[in-house]
Every structure is written in structure tokens, then in C-alpha cells.
Amino acid sequence: MAYRIRRGLLERTFEQLRVCGCGRNECQALWVGPVGHPEEISRLIHPQHDASPVGFQLEEAWLTRFWLDMARDGLSVRVQIHTHPGRAYHSATDDAFPIVHSPGFLSLVIPNFATGPVGFDRVFLAQIADDGRWQEVAIHEHLEIE
């Protein structure tokens, strides 16, 4: 199954990552969708976090409120997105601290603090395998731009 994302939401994601990171700090965003429509990405969430050129950390109070809001609104996290300063890859820190720890969960890494063209060129998509380890997967098999 491939998640469907509207082009406008993808553009807003890049815009948010660029504004937050200012071309010098990593940033994270989340794509969420309704529990009853598992293939749909309907919303962009920008977590409250502290960031640097080499990482970010979510604010604990925000994270607690976020999970309560998600349950109340019947939403689930589909994909975590974050930027890297250079090329896109899934680092050991990325592997160790996903927002969701379930097999099948996706993590999209965008290079150069998302300052390049909007789209999936040069990005890296990883998925948690059944054994709990991250593996690179083909974007076209998991994400579809509408």
C-alpha cells in the first residue's frame, strides 16, 4: 500500500522545514491521517523541538499533548520527515529515536535542510522491518503524490 499525499501538502512540508531550519538546522515534521482511512495523509504536524545543524529533540510536554490529541481526533502518524545538512540517509540516531516503533512505519529524510526542489529527488525513505531494524525502501512503492 502506498500513502497518498496531495502536492500542496508536500509543498507546505518543504516550506515548514525551510522556515524552521533556516537552511542551517535540522527540522522534523509529521504526516498524519485518519485511522479509518489508512492510505490517506491528511495533515502536516510540526512538532515543538530544539534543533541544531546535526539533530533535533522533541519537547516532552508537546509530545504528551500530541499523543492525547491524536487519540481524541482519531488520527495516526503515517510518516516522520526530517532534514539533514548534506545527503539524505538514516543515521544511527534516526534509527534509535523514531516517533513510532512499529513495523511498517516510514521515515523520510530530506537532504540539504530541504533547500532543494520540492519533491522526492535525492531523499531517503526508510521503513521499520518486522525484525525492528530500519531498511531503505523504494519511495514509489510507499508514497504517491496526488
Closest non-hydrogen atom pair between [X] and [Y], with its separation:
X	Y	result
V77	V32	CA-CG1, 4.0 Å
P47	A29	CD-CA, 3.9 Å
P117	R18	C-NH2, 4.2 Å
L17	A114	CB-CB, 3.8 Å
P85	E26	CD-OE2, 3.7 Å

With sequence neighbours excluded, tell me which residues meet side-chain contact (heavy atoms from CB on, under 4.5 Å) with [X].
X	answer
V19	E15
Y89	H84, R87, S91
E59	Q48, D50, W62

Around [X], counting heavy atoms of other residues, nucleotides and ligands shown, do more than 12 lie under 6.0 Å from its [atom1]?
X	atom1	value
D130	CG	no
R65	CZ	yes
D69	CG	yes

Do [X] and [Y] touch side chain to side chain, with heavy atoms closer than 4.5 Å?
X	Y	answer
R122	N112	yes
F56	T83	no
I99	W67	yes
P111	V123	yes
W31	R43	no
L108	H142	no
L10	F120	yes

Euclidean distance, [Y] [atom2] relative to [X] [atom1], rounded to 0.5 Å:
X	Y	atom1	atom2	value
Y3	E144	OH	CD	13.0 Å
L68	M70	CG	CE	11.5 Å
Q16	I45	CD	CD1	10.5 Å
I41	L75	CD1	CG	12.5 Å
T13	L44	OG1	CG	4.0 Å

Given the rule that I, L, V, M, F, W and Y join up when any side-chain heavy atoms are under 4.5 Å apart, are [X] and [Y] in one cluster?
X	Y	value
L9	I145	yes
L125	I5	yes
I139	F124	no
F14	I81	yes
V118	V79	yes

side-chain contact (heavy atoms from CB on, under 4.5 Å) assessment of S76 paired with R78: CA-CA 6 Å; S76 66; R78 306 285 193 236; 2.4 Å; yes
Donor-acceptor contact below 3.5 Å, side chain Q127 vs main chain G104: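 Side chain of Q127 to backbone of G104, a donor-acceptor pair under 3.5 Å: yes, one is there.
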Qualifying residues under salt bridge (charged side-chain N to carboxylate O under 4.0 Å, His left out), relative to R4, sequence neighbours excluded: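 Partners of R4 under the salt bridge (charged side-chain N to carboxylate O under 4.0 Å, His left out) test: E39, E146.
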Under the side-chain hydrogen bond (donor to acceptor under 3.5 Å, both in side chains) test, residues paired with E11 that sit two or more places apart: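 In terms of side-chain hydrogen bond (donor to acceptor under 3.5 Å, both in side chains), with neighbours along the sequence ignored, E11 is linked to R7.
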Side-chain donor-acceptor pair present, Q80, S107, cut-off under 3.5 Å: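 Short answer, yes.
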Contacts of H46 that satisfy ring pair (Phe, Tyr, Trp, His ring centres under 6.0 Å) - sequence neighbours left out: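 Partners of H46 by the ring pair (Phe, Tyr, Trp, His ring centres under 6.0 Å) criterion, ordered by chain and then number, come out as H49.
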side-chain contact (heavy atoms from CB on, under 4.5 Å) evaluation trace for L58 with F97: CA-CA 10 Å; L58 298 181; F97 299 104; over 6 Å; no
Residues V100, I128; criterion side-chain contact (heavy atoms from CB on, under 4.5 Å); working and verdict: CA-CA 9 Å; V100 173; I128 299 176; 5.9 Å; no
Geometric class of the H90/W134 ring pair [parallel <30°, tilted 30-60°, perpendicular >60°]: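 Tilted, since the angle between the ring planes falls between 30° and 60°.
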